[in-house]
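Input: a single structure, listed below in structure tokens.
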Amino acid sequence: MCSQTLLKISKVSKSFGATKALKAVDFDLLKGEIHALAGENGAGKSTLMNIIDGILQPDSGDIYINEEKVTISSPAEAQKLGIGFVHQEIALCPDISVAENIFMAQTNASKSLLMNYSNLHDRAREVFAKLSPIDPATMVRELSISNQQLVEIAKALTLDCQILILDEPTAALTEKEAQILFGIMKSLAATGISIIYISHRMVEIFDNCDRVSVFRDGAHITTDFVKDITPDDVVNSMVGRVITDLYPPKQTTEEKSEEIIFEACNYNETSWFRDISFALKKGEILGFSGLIGAGRSEIAKGICGLEGDVTGELKLDNVTLSINSYQDSIANGIVYLSEDRKGDGVFLDMSIAANISALDVDRVSTSAGFIDKDQELSQARELGDRLNLKRGHITHSVSSLSGGNQQKVAIAKMLSIKPRIIFLDEPTRGVDVGAKSEIHKILRDLSREGVGIIVISSELPELIGLCDRVLVIREGTIGGEVTGDAMTEENIMHLASIAQSDPILMQTAQGGRA
Amino acid sequence: MSNAVDSGHRLAHEMGFISRLRRIAAMRETALVLIILALFIAMSFASPYFLTWLNMRAMAMAFAVEGIVVVGMCVLLISGGIDLSVGSIVTFSMVLAGWLFLQGVDPWTASAIAIVACAAVGAAMGYCVTKIGLHHFIVSLAFMVIFRGVCLLITQGRPLGLFTLPAEFKFIGQGSIGAIPVVIILFFVIVVAFDFLLRRSTVFRKVFYTGSNEKAAAYSGIRTKKVIFLSTVLCSTMCGIAGVIYMARFSSAPPYFGLGMELNVIAAVVIGGASLQGGTGTILGAILGVILLSVVTSSLALLDVSSYWQDIIRGSILLIAVIFDHYMNKKKAAS
Amino acid sequence: MSNAVDSGHRLAHEMGFISRLRRIAAMRETALVLIILALFIAMSFASPYFLTWLNMRAMAMAFAVEGIVVVGMCVLLISGGIDLSVGSIVTFSMVLAGWLFLQGVDPWTASAIAIVACAAVGAAMGYCVTKIGLHHFIVSLAFMVIFRGVCLLITQGRPLGLFTLPAEFKFIGQGSIGAIPVVIILFFVIVVAFDFLLRRSTVFRKVFYTGSNEKAAAYSGIRTKKVIFLSTVLCSTMCGIAGVIYMARFSSAPPYFGLGMELNVIAAVVIGGASLQGGTGTILGAILGVILLSVVTSSLALLDVSSYWQDIIRGSILLIAVIFDHYMNKKKAAS
Amino acid sequence: DAGESKFACEPGETYIMNVMVSGHPYWVPVFQGYKQAGEAMGCKVIFSGTPDYDITKQIASFEQDLAKRPAGILLHPMNADPFIEPINRAIEGGTTVVTFAADSPKSNRVSYITSDNLAEAKYAADEIAGLMDHKGKFAVLENPGQSNHDLRITAFLSYMEKHYPNMKLVGRQATNQDATKAYTSVSSMLQAHPDLGALWIPEAGSAEGAVQAVLEAKAKVIIMHADISPVTREHIKAGNIHQALSPNQGMQGYMGFMLTFMAKHPDLIDPFNDYKRTGFNPMGVPFVDNGFAVVTKANADDFDLGAYMKNRSAN
Ligand SMILES: Nc1ncnc2c1ncn2[C@@H]1O[C@H](COP(=O)(O)OP(=O)(O)OP(=O)(O)O)[C@@H](O)[C@H]1O
Ligand SMILES: Nc1ncnc2c1ncn2[C@@H]1O[C@H](COP(=O)(O)OP(=O)(O)OP(=O)(O)O)[C@@H](O)[C@H]1O
Ligand SMILES: [Mg+2]
Ligand SMILES: [Mg+2]
């Protein structure tokens, strides 16, 4: 590998009001390398990427590409310099077809007067042949979040770029798609394209990247070759202390109880799932695993009365409940944490405090129905501190927080009502290692206190590390269950894809690994 | 440890007097009060008649009843909706109550019926929006046209003369308690009540959640459709109340009343800081918005500005007010 | 291997005649054509004069010039904007061109100046929106008021009589080529050109991208501010063109022209399938929308329906059209 | 005593003319007449009102006028009854009020001056019926809600029905002074009734659109309308519009001023009645007719407002 420096960041600083997001940061990217970027939530990773892509302007500092000083005033400018960017937050045009979304940048740069739709569709189909089967003619608004994430990736892959930035692209992806992506990344790097890869998952970094830079509190801490260090070193420099146990201890045999606190029987939904029955025992954390589109989210939403045309029977502490709406569900203490934080998890332009009390405002109000501001603020501070929320003023809007911290606000909202059963759909998406282990610890504590915890996650190590038992969902039914030592990635993947019949996916998945 | 210290610091800072003062200074309401004050000072130099009791009364009477509609519109805009039909609904309320009165119905009963009818119209609009799934803009546009027609039909195109309304009823619109007109007292009570409710009540907080992110609100267990439905009904009900007060004030029900009221009312609410995207806004701001617009109109009339220039100046003031406010807010965000 | 076969299959399916037919049937435009046809059939039973060439011509003349404004508004709505000032700007164009002509300027030059002036007004609005960051709704509301005032100022409140316009100029508005009025030919050319451009040209696709998700478009390197700016300018320019044609047609420039035009135009575009949130819409749909509204109005007049009922019926038709369309679309989504 | 009182103003004595839609050209000659009379008598005159078609705004401007403590106001009330209370309050406060072109009859206003809308309607009906040999189809456009426009139509229709039973009303559309609306309505009317003989229109705005529709349909329709605009004046000269009935605006303003002044100075008159003793204002003449002019091809040039104003400012 030649070690020519393609991109060099020198002493870049950026503040948002009183928040210093970046403090005189240095960073360099070599030609053809996959360079990982790690750091806690709010460390400034996305901010730096936004500066490189011309979305934000630095307050001070310089950027060099091929040793030449550049000013990048807009994404259009960045494109001309050969920079491609997959954003942490999905930004696609919902009313436009997948194909047009993917080639939006080309359309923009194109000199031809007229659109050539069939050409776009053919090329889009080619891209997806490598990635995952998505029909290029569908409107983006009809896709699930994970498929939208794939479209985002496809969009970046088609750019004719020399620097590709991927900001937590795998947060919404399952193992399978992630592996495909890594395959593609490696082949791109082999052709001399440099990749900046942001992730909170150490395994991904150590399996796929060449170097890793660590950021903390807006400052650059270290850059090392991954072969020279261990994941613990990275976590150490990220958090500034040693995190010994990434996952909290599981249920011990003594703690095991046969008492069933929550039971779902014969759940069916007209199009998304059928014959779903499971029980949750006291003190255990249950996981849901499966491939993209398997229907995990739909099951959770269906049970909570949020979506779908659902039939089934529900028992909480052996009492049969009838849940017709999410309000009934909340009234019984059953809540759902959405996987789509920005879309339906938080109120971006409202204050942190108002976000946290949204699930049940009556908790922070007087008997006459008026909000007690002090109570609302102290509830928010308390939960925020408990989740280690990195924030400005508690009345600032959620839009001023980094992605991971927004996720913490969404979780704080769930905890505010002291729920009985929580469905957490991708609860640690975009959350840093430190906070993630905090969240895991909190979940474990809650389950000890008797709260039922059901975690949906696309990250297999998380499910294996956290859960006591994992149900594998396959095409809308429960495809199997693993527990104890049988909880391995291989077993889960096997159960998840056993009936997987899509030839394209199988073929490319194998090709990607080869 | 350092965590606790840190949050202790933060607490102290949040409670601080200076920070509170700074927050007040950065508020949109403060900006509006300053603009209005500046206008008052300039006007009292420009015209000796400006700071007279008669002129103040005339100016207050000009916006008081419309202010009640502004309250309804403000809530609706916060919920993420909009209502172009307010002018027609106000007129419908006047015309229906007036017509019933002429048919021999007691004016109080007639008024109650008219207000309920307006609420029902709001419910119909709310139904179209929440159950059918249409957009507020287009639904209320259709209702604006339909109810203008209904008003014409009821009145056969001519203003209803309601001179025979009993004095106790006219008192609402024309009487005074002490030196202060009843209309202004009513306006004041409604504004203060709703300002408080919107800031503090849990019920109205749900309007903010719904307007800010309807889906997130639904995922927080809020019956967002109900919230939107009720906000629509509230706005129409306020129109109904305003209509009845107008009837008492004018002893008349002209079918062509309130033309263009919707734009004035929406402009006021937006000047007052509400976003057309929903989720933000205050009653106080909206009322200051309507006061600003009204004071400008009145000042121009008082100064005998050529009518050709009045529109130009009024439009420019609207523009300048939003630009000014925009920069104020930007500065606030930056500091 | 199987990959190629599969995608070949899919391709064949997509190209399939039946699927194409089905897609056409599900389109909003088809629904509108059906509604308009139904109206035509009903009307030709109700009145023997309806299906005459003269009546068709008169109906077409009634919406042709407004149709040009509809084109501009459609593009602007797709980009995510809105313009309440269209009525004022159309009038401004008429009044300015007329005034210049009365000052001795050649009418063609006067018209060109008026159109450029309208474009400049659009640029000013676009500036407020894209550079300052204000909302289209409030900016165009202010401009609506300001330019109504400007029109009054130029005309001193009275319509400018332009009887002396040369015949070649009046020809644009009053002449015919063969049996077809020039106005209708102009309208047709503009509509066909823009419909094609909006569907196929890369430049106008950017308008869709920007309106659908401004951030996503910006991340793809599209200069979204420029797109929004130019859409605003385009809409005002279309108003300018429409104004000049109106002037040629009426040989007059009344300062109170086009009141309420904005609502009619927006209603037409929305009936035609554009979303007020931006990102969707077609010129063909918008034009069918304006035709529907216009045919209803003409039919009511032809049947001499009491003017009190006309508003009620027109409003209801607007409502029914959007409800009908909504259910059509739902069915499409479900199938 | 009588020897001291003059037919003139005290210094600073102010008279205001208050209207709605103050940008409308109709008010221009009215105010010119008002001003001519006022200046001749050494009074200060002010033109006031609201540019909008909005009763609330007009009342606000009227009440603000009162803050200036004027001697009198010549008022065109947009609606009759809403002005009762403000007019009465004005009079109690010492400002006298006279109405013009539209009235508020139940108020205590002293007088009312207008052109006789009934006479206009009667003239129009006779003229149209005469030209059509007392038989055939006619239609009207209207502007419901504005009392003088309403009168012009209702009086026309009832007079037609009573005196010319063979004349048939085939269309009645509200076009609200909007040229485009009038264009559409008249186009449709002409399709339904290609043999339409005549149109009576209560104002000039609708007439502008109507004449366009008639010209485009190449129909032969006798168009008559009330008021006059530069555009309809041109059409009269070109023979496209038969006649217009223009109220004597100048006289309306001039006499309107006199009425207002006299109402403020009732002591100048010693009438032969009981008014003074019983507390009525002796100036309380219920109604003054300022008359109207018939605008034809021959005299149309005398109704050029631009030329009139040029002339006025030259003097
Ligand atoms: N628009 C903004 N306004 C105010 N503060 C901001 C804004 N954007 C980012 N910040 C702040 O800047 C800091 C860095 O944020 P950034 O998004 O770069 O973090 P990150 O490293 O990408 O975190 P994550 O892993 O959670 O995505 C945070 O403290 C965040 O709150
Ligand atoms: N709004 C929607 N419109 C159309 N299809 C949808 C919608 N939401 C979900 N789906 C589809 O429903 C199926 C089940 O989706 P669901 O979100 O439950 O999957 P999942 O297992 O949670 O996976 P992931 O969340 O990773 O996509 C998928 O095929 C998905 O594409
Ligand atoms: Mg980030
Ligand atoms: Mg999911």
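Note that this is a predicted model, so its numbers are computed, not measured. Every chain is numbered from 1 and lettered A, B, ... according to where its sequence line falls, protein lines coming before strand lines.
Heavy-atom distances place the side chain of D:D52, and not its backbone, under 4.5 Å from chain B. When heavy atoms are compared at a cutoff of 4.5 Å, B:M59 approaches chain D solely by way of its side chain, counted from C-beta outward. Heavy atoms closer than 4.5 Å to chain D are found in both the backbone and the side chain of B:F163. Proximity to chain B is absent for every atom of D:D65, based on heavy atoms less than 4.5 angstrom apart. Contact annotation for B:L162: only backbone heavy atoms (N, CA, C, O) come within less than 4.5 Å of a heavy atom of chain D. Contacts of B:F63 with chain D are absent, with no heavy-atom separation under 4.5 Å from either backbone or side chain.
For residues 53-62 of chain D, the pairs satisfying side chain to side chain donor-acceptor pair (under 3.5 Å) are D:N18-D:Q58, D:N18-D:S61, D:D54-D:T56, with sequence neighbours left out. Residue pairs meeting the salt bridge (Lys or Arg N to Asp or Glu O under 4.0 Å) criterion with at least one member in residues 259-271 of chain B, sequence neighbours excluded, do not occur.
When ring centroids are compared, D:Y112 and D:F100 stay outside the 6.0 Å threshold. If you look at D:F156 and D:F138, their ring centroids are closer than 6.0 Å.
Within a 6.0 Å radius of CD in D:E10, other residues, nucleotides and ligands contribute 12 heavy atoms or fewer. Within a 6.0 Å sphere centred on CD of B:Q156, other residues, nucleotides and ligands contribute more than 12 heavy atoms. The number of heavy atoms from other shown groups lying within 6.0 Å of CH2 (B:W309) does not exceed 12.
Relative orientation of the D:H24 and D:W27 rings is perpendicular, given thresholds of 30° and 60° on the angle between their planes.
Heavy-atom pairs under 4.5 Å with chain D peak, among B:R314, B:M61, B:M247, at B:R314. Chain D forms the most heavy-atom pairs under 4.5 Å with one residue out of B:G161, B:S294, B:S298, B:G258, and that residue is B:S298. Among the candidates D:L66, D:I46, D:D81, D:V21, the residue making the largest number of heavy-atom pairs closer than 4.5 Å to chain B is D:D81.
Without hydrogens or angle criteria, D:T95 side chain to D:G72 main chain gives no donor-acceptor distance under 3.5 Å. Within the 3.5 Å criterion, the main-chain N or O of D:G94 finds a donor-acceptor partner in the side chain of D:K264. Checking side-chain atoms of D:K68 against main-chain N and O of B:L302 turns up a donor-acceptor pair under 3.5 Å.
The shortest side-chain heavy-atom distance between B:I89 and B:V69 does not fall under the 4.5 Å cut-off.
Of all residues spanning residues 39-52 of chain B, those with a heavy atom less than 4.5 Å away from chain D's heavy atoms are B:Y49, B:T52, arranged by number. Within residues 167-188 of chain B, the residues that have a heavy atom under 4.5 Å from a heavy atom of chain D are B:Q174, listed by number.
The one candidate from D:T175, D:N143, D:D178 that meets the side-chain hydrogen bond (donor to acceptor under 3.5 Å, both in side chains) condition with D:S206 is D:T175.
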